[in-house]
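One structure below.
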Amino acid sequence: MTPTDEPQAPAPASGKSDFIRDIVNDHLKNGRFDRVLTRFPPEPNGYLHIGHAKSICLNFGVARDYHGKTNLRFDDTNPLKESQEYIDSIKTDIRWLGFDWEEREFYASDYFQQLYDWAVVLIKAGKAFVDDSTADQIREMRGTLTEPGKPSPWRDRSVEENLDLFERMKAGEFPDGSKVLRAKIDMASPNINLRDPVMVRILHAPHPHAGDQWCIYPMYDWAHGQSDSLEGITHSICTLEFEDHRPLYEWYIDQLGIHKPQQIEFARLNLTYTVMSKRRLLALVQEKLVRGWDDPRMPTLSGMRRRGYTPEAIRAFAEKVGVAKNDSVVDFSLLAFCLREDLNKRAPRRMAVLRPLKVTLENFPEGQVEELDCQNNPEDPSAGTRKVPFSKVLYIEQEDFREDPPKQFFRLAPGREVRLRYAYFVTCREVVKNAAGEVVELKCTYDPATRGGDAPDGRKVKATLHWVSAAHAFDAEVRLYDHLFTKSDPDDAEEGRDWRSNLNPASLEMLKGCKLEPALKDLRQAGERVQFERMGYFVTDPDTTPGAPVFNRTVTLKDTWAKIEKKAGAGSR
RNA sequence: UGGGGUGUCGCCAAGUCCGGUUCAAGGCACGGGCCUUUGGAGCCCGCAUUCGGAGGUUCAAAUCCUCCCGCCCCAGCCA
């Protein structure tokens with residue numbers, strides 16, 4: 001090709017740029033590859049979490065940018081830890097996130113025969129051998145980080161013997177752990193992965209996808225690269241800890257002389273106030289520290305879905321986080337921002353009083369009901385309006401009243417006038433308390449001239465409260481969530497204690513008897529997301545039954561008042 | 001005291017390969033203001049004389065060289 005024919009480095013369709021896309025650009029420009037095929041290779045040994053979402057967005061995103069495709073491949077090489085439940089959940093989660101692998105659903109276990117045949121090729125080439133050593137012996141002979149290893153006494157078996165033994169391993173003649181197939185590379189390599197790595201081990205265990213077909217299973221390194229190669233993957237994107245494995249990944253492929261993808265490593269996602277390792281997520285579930293993989297406090301995609309997170313918000317988050325090789329911990333507030341940004345534009349507004357405080361309008365006619373027009377979404381006029389009933393007895397939020405209001409508290413207080421959203425100005429005339437001295441009711445008056453919320457005399461009010469008509473509201477359970485951990489770094493525990501000691505006892509608060517406006521009835525089962533005005537974004541929980549609606553708070557609204565209050569509290573202490 | 005990575009604002013992150021009008025982007029957070037029938041949303045302003053540190057090369061360095069320091073990963077028949 002002449003210089004003038006040289007293809008332009010195809011800029012990513014998205015216009016995005018990061019070190020991975022830079023590499024892809026180079027490959028396309030220098031001819032190493034003429035297309036892009038990536039893959040997302042989960043091991044079905046747990047549920048997907050937000051960290052996987054970053055990888056999914058990256059793999060599918062890069063492919064999409066270059067008009068390529070992405071395969072879904074289950075890296076199912078360890079039947080002891082894997083299950084169909086996980087396979088199913090992973091597929092559900094990827095689809096929910098908004099990505100489509102079309103017909104390209106693969107399983108490393110479908111390549112086991114090919115892997116077996118290739119192992120035979122390596123044995124014949126004198127590059128692999130059957131080792132009778134125990135796991136302990138292999139570990140001892142591997143050496144340490146600073147000392148080289150020693151060759152196994154079985155390293156120089158004849159090709160014939162290796163072939164025979166390997167075949168019998170496959171045939172099930174030997175018990176678990178009695179033999180392994182190892183690559184013959186270099187016991188003195190400074191890269192421990194190259195010290196005659198185990199390729200295949202004996203595991204008499206049924207496999208969720210392959211069934212009872214096999215009793216020998218390939219190790220990650222022996223399976224992954226070859227699987228990539230078989231599928232014609234061009235860019236095999238993985239996390240940083242596999243950087244040391246790249247030489248081995250390439251060694252196997254070079255020995256076999258097959259298609260060689262480019263492995264590229266990036267830094268995995270970490271988020272403040274949560275844990276992300278599968279081991280810990282499993283522990284949370286198994287030790288019943290949460291209610292399951294889909295507990296709304298979990299960073300799993302199923303948990304976030306139940307919590308009301310949107311795929312759009314998660315994808316936006318993945319994009320804003322970026323891709324690089326620095327170990328990093330992303331601030332949870334960025335995720336919250338992405339959620340609010342998305343939900344603000346599309347969530348219809350409704351009124352719901354979570355902790356009700358009774359308000360009686362003394363001068364409002366007994367038995368009268370007014371239907372007031374309320375906007376469904378101030379951000380989106382096309383969302384229209386709805387009628388909300390208003391009457392003599394109402395509920396407002398307990399926290400919207402203070403008998404002795406601090407300076408910056410603008411809400412209701414004795415003698416103070418505020419606006420009830422879309423309704424009237426009301427003034428607090430009398431505070432009713434119970435025997436315990438708790439405020440149980442407010443006697444107020446309303447100004448009939450302020451219907452809709454505007455005072456004809458131009459009178460201003462400093463606060464607008466949400467409310468609900470007592471006679472028309474219906475009850476619901478509302479679940480409020482906070483971070484699962486009290487520390488931004490759950491590992492920051494006291495001496496002798498682990499991350500579990502940082503679990504947040506207040507991460508779940510269940511409120512019963514919350515009062516919701518009638519229009520919310522339509523959303524009881526729909527799973528639709530709404531904003532309860534001033535309280536946050538909510539979604540119905542699957543625990544909802546026809547007679548007992550349950551809502552989850554997805555995320556709060558930005559709360560300037562809470563910030564002021566917190567600052568004042570901190571200052572006075 | 002082996003090998004592989006990585007250090008740019010509180011948190012992410014461009015820029016580093018090809019040193020100089022992109023040369024310290026952008027986002028989150030934070031602070032201030034405007035506006036507001038959600039203390040929501042929106043809008044405006046502010047927020048790194050400095051790029052882990054020290055030397056050096058150069059007319060010019062976050063970008064090149066040297067040395068030093070920190071952090072992460074690797075000694076599973078896990079992935």
Side-chain angles (χ1 to χ4, degrees), chain A residues 17-18 22 41-43 45 75-78 80-81 131 133-136 138-140 142-149 176-182 188-195 197-203 217 219-221 223-224 238-247 265 267 269 272 278-279 317 319-338 340-341 344-345 349 351 374-375 378-379 408-411 419-423 425 450 452-454 461-466 488 531-536 556-564:
Chain A
S17 169
D18 54 56
D22 287 347
E43 183 193 11
N45 67 344
D75 217 344
D76 53 354
T77 57
N78 184 359
L80 268 21
K81 295 186 175 174
D131 195 333
S133 306
T134 65
D136 284 345
I138 287 179
R139 185 185 321 117
E140 280 163 29
R142 186 151 32 223
T144 68
L145 295 178
T146 52
E147 304 158 31
D176 290 4
S178 61
K179 285 178 168 48
V180 289
L181 180 72
R182 289 228 258 168
S189 173
N191 181 344
I192 293 176
N193 294 124
L194 264 19
R195 319 241 262 228
V198 172
M199 295 167 64
V200 180
R201 77 288 213 180
I202 301 171
L203 246 33
Y217 292 92
M219 296 287 289
Y220 164 84
D221 289 298
H224 203 92
C238 61
T239 43
L240 253 27
E241 67 270 28
F242 292 102
E243 207 145 17
D244 286 343
H245 292 245
R246 195 171 63 229
E265 311 83 12
L269 172 72
T272 55
K278 278 193 182 178
R279 207 198 95 245
F317 172 70
E319 258 182 45
K320 283 182 194 292
V321 161
V323 199
K325 298 188 71 165
N326 305 342
D327 287 306
S328 59
V329 184
V330 176
D331 205 307
F332 182 87
S333 63
L334 179 60
L335 216 205
F337 168 84
C338 291
R340 295 188 185 113
E341 188 179 47
N344 176 49
K345 285 176 296 196
R349 306 303 114 129
M351 290 195 283
C374 299
Q375 281 185 275
E379 295 297 310
Q408 298 184 79
F409 185 86
F410 303 151
R411 281 110 95 147
R419 169 168 42 232
L420 292 184
R421 178 144 238 227
Y422 300 124
F425 282 15
T450 59
D454 281 309
V461 100
K462 294 191 85 173
T464 299
L465 312 184
H466 60 98
S488 67
Q531 180 193 111
F532 288 174
E533 294 227 13
R534 305 205 308 134
M535 301 311 284
T556 60
L557 258 29
K558 260 176 66 180
D559 193 343
T560 305
W561 166 240
K563 206 180 290 177
I564 292 170

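The chains referred to below are lettered A, B, ... by the order of the sequence lines, with proteins before strands, and numbering in each begins at 1. Remember, it's a predicted structure, so these values are computed and weren't measured experimentally.
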When you get a sec, tell me which of B:G15, B:G40, B:C28 is the closest nucleotide to the side chain of A:Phe337?
B:C28
Closest to the A:Thr146 side chain, choosing from B:G40, B:U6, B:G2:
B:G2
Pairing stems for RNA chain B [at least three consecutive pairs; Watson-Crick or G-U; under 3.5 angstrom]:
B:2-7 with B:69-74, B:10-12 with B:26-28, B:30-34 with B:42-46, B:52-56 with B:64-68
Please pick, from B:C72, B:G7, B:A41, the nucleotide with the shortest atom-to-atom distance to any side-chain atom of A:Asp327.
B:C72
With no angle test and no hydrogens, is the base of B:G40 tied to the side chain of A:Glu379 by a donor-acceptor pair under 3.5 Å?
yes
Euclidean distance for P, B:C59 against B:C47 (whole angstrom):
34 Å
P spacing across the pair B:G32 / B:C23, given as an integer number of angstrom:
33 Å
Tell me whether the centres of the aromatic rings in A:Phe410 and A:Trp561 are closer together than 6.0 Å.
no
Suppose you measure atom C1' in B:G7 against the same atom in B:C51; what distance do you get, rounded to whole Å?
10 Å
Check whether any side-chain heavy atom of A:Tyr217 lies under 4.5 Å from a side-chain heavy atom of A:Ile202, and answer yes or no.
no
Going 5' to 3' through nucleotides 74-79 of chain B and flagging B where a protein heavy-atom sits under 4.0 Å of the base, S where only the sugar-phosphate is that close, and - otherwise, we get BBSBSB
Picking from B:A14, B:G40, B:G31, the nucleotide nearest the side-chain atoms of A:Lys563 would be B:G31
A:Arg411 vs A:Lys462, side chain to side chain contact (heavy atoms under 4.5 Å, CB included): CA-CA, chis, key distance, verdict
CA-CA 7 Å; A:Arg411 281 110 95 147; A:Lys462 294 191 85 173; over 6 Å; no
Listed by chain and number, what are the ring-ring contact (aromatic ring centres under 6.0 Å, His included) partners of A:Phe242, not counting sequence neighbours?
A:Tyr220, A:His245
Are any of the side-chain nitrogens in A:Lys278 or A:Glu43 under 4.0 Å away from the carboxylate oxygens of its partner?
no
Quick check on RNA chain B: between A:Thr450 and A:Leu334, whose nearest nucleotide comes earlier from the 5' end?
A:Leu334
If I pick the P atom on B:G27 and the same atom on B:C43, what distance separates them, to the nearest angstrom?
11 Å
